[in-house]
Amino acid sequence: MTASAVWSKTWTVLVALLIFGVIIMIHEFGHFICAKLFKVKVNEFSLGMGPCLFKKQKGDTQYSVRLFPIGGYVSMEGEDGESDDEGAFHKKAVWKKMIIVVAGAFMNIVLGIVLLMVTLSCFTDLIGTNTIKEFYPNAVSQQTGLQEGDRFVKIDGHRVWSEQDLNFLLTRSTDGVFDFVVERDGEKVALNDVKFETEEVQGLTLIHYDFVIIGEPPTFWNVLKNSFTQTLSIGRMVWLSLFDLVTGRYGMSQLAGPVGTVNIIADITAEAATSKNLETLLSIIIFITINVGIANLLPIPALDGGRLFFLIIEAIRRKPINPKYEGYVHAAGFVLLMILMLVVSFNDILRIARGG
C-alpha cells in the first residue's frame, strides 16, 4: 500500500473519530450542563473510555480524554452510592434527577433535528411526501390495489410519518405483501394483501419500489415539519430494528458497533470528499446521533434508560431504592454491555478485514 493510500484512509478515519467523538461529547454535555444547573457535584467529565490520555482539573471537576472513543461519561457525586456531600446526585429531587438522566439523549435528538433542518434546507431540491405521484410501467402494486394520489397512512399497522417510513417499512417484508391504510379522495381506505415484485439477493428479499412519490420544494414550514417527522421515523426504526434483532430476524453479525460505525463514517467521508457532496455524510451523522439518543433510553442497566427506570420506581414509591443495590445492578449491566461491545467490535474488525 502506497503512502498516499495510507494517508487517504487515515485522514478519513480521523475525521470519523472526530465526528463520533462530537456526538458523544454532545450527549455527555447534556448530562453535565443539567447537573451543573441543579448544583450536582460533577467529579469527572470524560470523553472516551479506558486509560486516561489527558486530564485537567477545574474546580470540582476533572475533564479527561480516554483511549477508546467508544463512549464517555459524566461521573456525579452520589450517583452510585451514598454521599454526605450536599451536591450529591441522590440528594436531589427525583424530577431533577430525571432531567439530568434524559438530558444526554435529548441533546443527541436535538442535534439530529438541527442537522435535518440543514440537510432539507441546503441539500434537498424536493422533500418527499407520503403520496403516490405515478407508477412505473406494469407496476404490481398498482395492479393489486394502490392508485395514483393515494397518501399512505399505515403500513402493516405502523403509522407513516415521513418518506423514510416508506423506505424502511417496505424493507421489513419477507414476502412482498402488505396491508395498507391510505387516504383516497379524503377518506381512509384499507387495502389488504397489496403485492410488490420481489427479488432474492444473498438470502434477503428485496422489494421492487414500483411507484414515484410527490416531492415538494423546501419551505420553512415543511422543513420544520419534516425535521420532526423524520426524527420520529428514525427513532422508531431503532426500536423496530432492535425488535427484529431480538426476535431473530437479523443476526448479531449484522449489528455494527463503534469500530463498524467509524468505518462506515470514514467510507462516507471519503465518498463525500470525492463527490463534494455532504448530504450522505450528514444523513449518516443524523442517523447515528438519533440512534445514540434513542438507544440510551432503553431500560437496560448502565444506560440512561436503566437509570430512568429506577427513578420512575422511586417516583412511584416515593422512596429511592438503596443506591448500593442499584449500583450493583448498573455495574453488572456495564460489564455485560462491555462484553457485547467487544463481541460486536470483533465482528466489525472481521467484516472490515474481509472487505465486507
Quiz item: Closest heavy-atom contact between Ile290 and Gly235?
Solution: CG2-N, 4.2 Å
Quiz prompt | CA sep, side-chain torsions, deciding dist, call: Ile213, Asn130, side-chain contact (heavy atoms from CB on, under 4.5 Å) | solution = CA-CA 7 Å; Ile213 57 175; Asn130 304 335; over 6 Å; no
Exercise. Please confirm whether the backbone N or O of Phe168 pairs with a side-chain atom of Thr171, one donor and one acceptor, at under 3.5 Å?
Key: yes
Exercise. Just do the side-chain hydrogen bond (donor to acceptor under 3.5 Å, both in side chains) check on Ser64 and Glu44 with the steps written out, would you?
Key: CA-CA 7 Å; Ser64 59; Glu44 184 177 1; 2.5 Å; yes
Quiz prompt | Passing candidate, salt bridge (Lys or Arg N to Asp or Glu O under 4.0 Å) with Lys91, options Glu79, Glu86, Glu77 | solution = Glu86
Exercise. Is it possible for you to say whether Phe228 and Val114 belong to one hydrophobic cluster, with membership spreading through side-chain heavy-atom contacts below 4.5 Å?
Key: no
Self-check item: Atom of Thr229, atom of Ser162 and distance for their closest heavy-atom approach
Solution: OG1-CB, 4.0 Å
Quiz item: Linking I/L/V/M/F/W/Y whenever any side-chain heavy atoms sit under 4.5 Å apart, do Leu191 and Val181 land together?
Solution: no
Exercise. Return the minimal non-hydrogen interatomic distance between Val292 and His27, and the atom names on each side.
Key: CG1-ND1, 4.3 Å
Practice problem: Establish, from distance only, whether the side-chain atoms of Ser46 and Lys55 form a donor-acceptor pair under 3.5 Å. | Solution: no
Practice problem: Could you check if a side-chain atom of Asp210 sits within less than 4.5 angstrom of a side-chain atom of Glu197, using non-hydrogen atoms only? | Solution: no
Quiz item: Does atom CD of Gln57 have more than 12 heavy-atom neighbours, drawn from other residues, nucleotides or ligands, at distances under 6.0 Å?
Solution: yes
Quiz item: With a 4.5 Å limit on heavy-atom distance, are the side chains of Val182 and Val153 in contact?
Solution: no
Quiz prompt | Verdict with supporting geometry, Ile294 and Ile109, side-chain contact (heavy atoms from CB on, under 4.5 Å) | solution = CA-CA 8 Å; Ile294 299 297; Ile109 293 169; 3.9 Å; yes
Quiz item: Side-chain contact, heavy-atom cut-off 4.5 Å: Gln143 with Lys195?
Solution: no
Quiz prompt | Asp150 side, atom CG; Thr131 side, atom OG1 - distance, nearest 0.5 Å | solution = 8.5 Å
Exercise. Show your working on side-chain contact (heavy atoms from CB on, under 4.5 Å) between Lys56 and Gln62 and close with a plain yes or no.
Key: CA-CA 6 Å; Lys56 182 177 181 179; Gln62 174 182 289; over 6 Å; no
Exercise. Quick one: closest heavy-atom pair of Phe135 and Phe211, and the distance?
Key: CD2-CB, 3.7 Å
Quiz item: Do Val42 and Ser75 come within less than 4.5 Å of each other through their side chains, counting heavy atoms only?
Solution: no
Quiz prompt | hydrophobic_cluster_shared for Phe29 and Phe54, side chain cutoff 4.5 Å | solution = no
Quiz prompt | Candidate pair Arg236 and Asp165, rule salt bridge (Lys or Arg N to Asp or Glu O under 4.0 Å), full reasoning | solution = CA-CA 9 Å; Arg236 182 174 61 185; Asp165 289 320; 2.8 Å; yes
Quiz item: Quick one: do Val101 and Ile33 end up in the same hydrophobic cluster if we chain Ile, Leu, Val, Met, Phe, Trp and Tyr together by side-chain heavy atoms under 4.5 Å apart?
Solution: yes
Quiz item: Got more than 12 heavy atoms from elsewhere within 6.0 Å of CZ, Arg317?
Solution: yes
Quiz item: Between CG of Leu170 and CG of Asp156, what distance do you get to the nearest 0.5 Å?
Solution: 9.0 Å
Quiz prompt | Distance, nearest 0.5 Å, that separates CG of Leu169 from CZ of Phe180 | solution = 9.0 Å
Self-check item: Option among Lys319, Lys97, His90 that satisfies the side chain to side chain donor-acceptor pair (under 3.5 Å) test with Glu314
Solution: Lys97
Self-check item: Ring center gap for Phe38 and Phe89 short of 6.0 angstrom
Solution: no
Quiz item: Parallel, tilted or perpendicular for Tyr63 and Phe45, by the 30°/60° rule?
Solution: tilted
Quiz item: Between atom CZ of Arg307 and atom CG of Leu297, what is the distance when rounded to the nearest 0.5 Å?
Solution: 13.5 Å
Quiz item: Less than 4.5 Å apart, any side-chain heavy atom of Met76 and any of Asn43?
Solution: no
Exercise. Identify which one of Asp85, Asp60, Asp84 satisfies the salt bridge (Lys or Arg N to Asp or Glu O under 4.0 Å) criterion when paired with Lys41.
Key: Asp85
Exercise. Could you tell me whether the side chain of Ile127 reaches within less than 4.5 Å of the side chain of Val223, counting heavy atoms only?
Key: yes
Quiz item: Does the side chain of Leu146 come within less than 4.5 Å of Phe196's, by heavy atoms?
Solution: yes
Practice problem: Taking all non-hydrogen atoms of both residues into account, name the closest pair between Lys133 and Ile214 and its distance. | Solution: CB-CG1, 3.6 Å
Quiz item: Do other residues, nucleotides or ligands put more than 12 heavy atoms under 6.0 Å from the CG atom of Asp175?
Solution: yes
Exercise. Starting at CG of Asn226, measure out to OG1 of Thr219 and round the result to the nearest 0.5 Å.
Key: 9.0 Å
Quiz prompt | Short side-chain donor-acceptor distance under 3.5 Å, Tyr73 and Glu28 | solution = no
Exercise. Verify side-chain contact (heavy atoms from CB on, under 4.5 Å) between Val212 and Ile132, making sure each step is shown before the conclusion.
Key: CA-CA 6 Å; Val212 178; Ile132 297 174; over 6 Å; no
Exercise. State whether Lys225 and Glu216 are salt-bridged, where the test is any N-O pair (Lys NZ or Arg NE/NH1/NH2 against Asp/Glu carboxylate O) under 4.0 Å.
Key: no
Quiz item: Would a 4.5 Å heavy-atom cut-off, applied to side chains only, mark Leu308 and Val102 as touching?
Solution: yes
Quiz prompt | Ile19 CD1 to Ile24 CD1 distance, which is reported to the nearest 0.5 Å | solution = 12.0 Å
Quiz item: Is there a path from Ile207 to Phe152 through hydrophobic residues (I, L, V, M, F, W, Y) whose side chains come within less than 4.5 Å of each other?
Solution: yes
Exercise. Would you name the heavy atoms of Ile26 and Met107 that are closest together and state the gap between them?
Key: O-CB, 3.6 Å
